[in-house]
Number of protein chains: 2
Amino acid sequence: MSIYVHNGFMDTLQILEPVAGPEADDVCCAPSGKPALGVDEARQKALVFRALADPNRLRLLSIVKAGESGEACVCDLTAPLDLGQPTVSHHLKILVEAGLLHREKRGTWAYYSLVPGALERTAGLLASL
Amino acid sequence: MSIYVHNGFMDTLQILEPVAGPEADDVCCAPSGKPALGVDEARQKALVFRALADPNRLRLLSIVKAGESGEACVCDLTAPLDLGQPTVSHHLKILVEAGLLHREKRGTWAYYSLVPGALERTAGLLASL
DNA sequence: CACATAGATTGACATGCGTCGATATAGGTG
DNA sequence: CACCTATATCGACGCATGTCAATCTATGTG
């Protein structure tokens, strides 16, 4: 029977926004019977936190944020992280799919920048637990 | 050579607090040469987000938070999550070690409650990236 | 077009992690 | 002490994930 549902998800999830209200799930017994976080809602929020759950990805966000221009290309990111280029590209992709980074290709280079307000909305996810 | 340092860490990490200022790491080349997140700092912050990176743990936090008394025992948590008792205990342990939950044993029962301000401090981690 | 460079994708490998069943431990009750 | 109940811990299993080397794609440049 279904263990590991393997959240088959899309890109650039936008859970950071509304998500409707806490749907009534209404536990039968226990302490207060409050609805709390629904299964789907929890799964989506966890995806965002999963993107933040790696030290190198946190550093990527930090470097991009700290950059003068607010953006950085891959070649600027491999050196400080001491990681191979494919690995950095991999991490950046995860951050983009989580809705935290924006990717813009200009010429040969790909410039990554913070999605405006994304970090704030993510912080908001914690408050609305 | 050392890949995967396997962060050998302790319990109830308190990264949620000060952590000193962003230490000067000063990259040599690239875009802005900003210090950004240090390696150790990133690793510790990632531990907190990793605790939040699981749907069932988010639901645990939510249920505990929503509870009338602000606390819940394990027996109240297994049913709504549809998980075995050992699994719930496992998740709770991770949340305690992340500094998000507090455990208090009273009689035969173990009561878990939100560490006051922990979620807010975690939200602050995002702002200080 | 030939060639160089930036970045993404693929495949493989090892480790991490969520889950369970079984078992151990601790407190309560007779 | 014997027994029950609530949790915690252990060992195992399988999927997930971070990493790299190799390769592919796209954009320049001669």
Side-chain angles (χ1 to χ4, degrees), chain A residues 1-9 11 29-31 39 42-43 46-47 49-60 64 71-79 81-98 101-112, chain B residues 1-9 11 29-31 39 42-43 46-47 49-60 64 71-79 81-98 101-112:
Chain A
M1 56 185 63
S2 69
I3 311 172
Y4 279 110
V5 189
H6 181 234
N7 42 35
F9 265 83
D11 1 46
C29 36
V39 177
R43 192 164 49 207
L47 283 180
F49 290 119
R50 187 169 315 200
L52 295 167
D54 180 89
N56 287 320
R57 286 198 287 271
L58 289 180
R59 298 189 77 202
L60 282 173
V64 169
E71 58 182 15
C73 62
V74 180
C75 61
D76 294 330
L77 297 169
T78 51
L81 289 208
D82 195 34
L83 288 177
Q85 172 266 315
T87 303
V88 172
S89 277
H90 171 71
H91 285 312
L92 289 170
K93 184 178 184 180
I94 289 175
L95 289 170
V96 168
E97 289 177 344
L101 283 187
H102 171 250
R103 186 186 110 114
E104 184 188 349
K105 185 129 190 218
R106 288 204 303 271
T108 315
W109 295 273
Y111 292 91
Y112 289 86
Chain B
M1 56 184 60
S2 70
I3 311 173
Y4 280 109
V5 189
H6 182 233
N7 43 33
F9 264 82
D11 1 47
C29 35
V39 177
R43 192 164 46 207
L47 283 181
F49 290 119
R50 187 168 316 226
L52 295 167
D54 180 88
N56 288 319
R57 286 198 288 271
L58 289 180
R59 298 190 76 202
L60 282 174
V64 169
E71 59 182 16
C73 63
V74 180
C75 59
D76 294 330
L77 297 169
T78 51
L81 290 207
D82 195 35
L83 288 177
Q85 172 266 315
T87 304
V88 172
S89 278
H90 170 71
H91 285 312
L92 289 169
K93 183 178 185 181
I94 289 175
L95 290 170
V96 168
E97 289 177 344
L101 283 188
H102 170 250
R103 187 186 109 114
E104 183 189 351
K105 185 128 190 218
R106 288 204 303 270
T108 315
W109 294 273
Y111 291 91
Y112 289 87

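Side chains included, hydrogens not; waters and symmetry mates left out as well; all remaining heavy atoms used. Here is how names work: the chains are called A, B, and so on, in the same order as the sequence lines, proteins then strands, and each is numbered from 1.
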Leu95(A) atom CG is separated from dG18(D) atom P, nearest whole Å, by 10 Å
Compare every heavy atom of Ala46(B) with every heavy atom of Pro55(A), then report the nearest pair and how far apart it is. N-CB, 3.6 Å
Could you work out, with side chain to side chain contact (heavy atoms under 4.5 Å, CB included) as the rule, every residue matching Thr87(B), not counting sequence neighbours? Leu83(B), His91(B)
Residue met sooner reading DNA chain D from 5', once Arg103(B) and Asp82(A) are mapped to nucleotides: Arg103(B)
Closest listed nucleotide, where the reference is the side chain of Leu83(B) and the choices are dG7(C), dT7(D), dC20(C): dC20(C)
Using a 4.0 Å heavy-atom cut-off, does Ile94(B) contact any base of the nucleic acid, only the sugar-phosphate backbone, or nothing at all? sugar-phosphate
Roughly how bent is the helix from dC1(C)-dG30(D) to dG30(C)-dC1(D) end to end, in steps of 10 degrees, with each end axis from five pairs? 10°
Sub-3.5 Å pairs of nitrogen or oxygen atoms, protein against nucleotides 23-30 of chain C:
none

Between Tyr111(B) and dA6(D), does any side-chain N or O lie under 4.0 Å from OP1 or OP2? no
Of Thr87(A) and Ser89(B), the one whose nearest nucleotide on DNA chain D sits closer to the 5' end is Ser89(B)
Rounded at 0.5 Å granularity, tell me how far CG in Leu52(B) sits from CG in Leu47(B). 11.5 Å
Using a cut-off of less than 4.0 Å, is there contact between a side-chain N or O of Lys93(B) and OP1 or OP2 of dT9(D)? yes
Measure from CG on Leu92(B) to P on dT7(D) and round the result to the nearest Å. 10 Å
Between Val64(A) and Leu101(A), what is the shortest heavy-atom contact and its length? CG1-CD2, 4.2 Å
Distance, rounded to the nearest Å, where Phe49(A) contributes CZ and dC17(C) contributes C1': 19 Å
Can you measure Arg57(B) atom CZ to dC17(C) atom P for me and round it to whole angstrom units? 9 Å
For His91(B) and dT7(D), what is the distance between atoms NE2 and P respectively, to the nearest whole Å? 16 Å
To the nearest angstrom, how far is His90(A) atom NE2 from dG11(C) atom P? 15 Å
Would you mind reading off the distance between Asp76(B) atom CG and dT5(D) atom P, rounded to a whole angstrom? 17 Å
If I take atom OH from residue Tyr112(B) and atom CD from residue Glu71(B), how far apart are they, to the nearest 0.5 angstrom? 12.0 Å
Rounded to whole Å, how long is the line connecting atom CG of Asn56(A) with atom P of dG18(D)? 9 Å
Looking only at side-chain N and O atoms, does Tyr112(B) come under 4.0 Å of OP1 or OP2 in dA8(D)? yes
For a quick test of reading the model, state the closest non-hydrogen atom pair linking Asn56(A) to Leu81(A) and the distance between them. O-CD1, 3.6 Å
How far apart are the C-alpha atoms of Arg59(B) and Leu77(B), what are their side-chain angles, what is the distance that settles it, and do they pass the side chain to side chain contact (heavy atoms under 4.5 Å, CB included) test? CA-CA 9 Å; Arg59(B) 298 190 76 202; Leu77(B) 297 169; over 6 Å; no
Which residues pass the side-chain hydrogen bond (donor to acceptor under 3.5 Å, both in side chains) test with Ser89(B), sequence neighbours left out? Gln85(B)
From CZ (Arg57(A)) to CZ (Arg50(A)), nearest 0.5 Å: 9.5 Å
Taking side chain to side chain contact (heavy atoms under 4.5 Å, CB included) as the test, write out the residues that go with His90(A), two or more places apart. Ile94(A)
Distance test, side-chain N/O of Arg50(A) to OP1/OP2 of dA16(D), below 4.0 Å: no
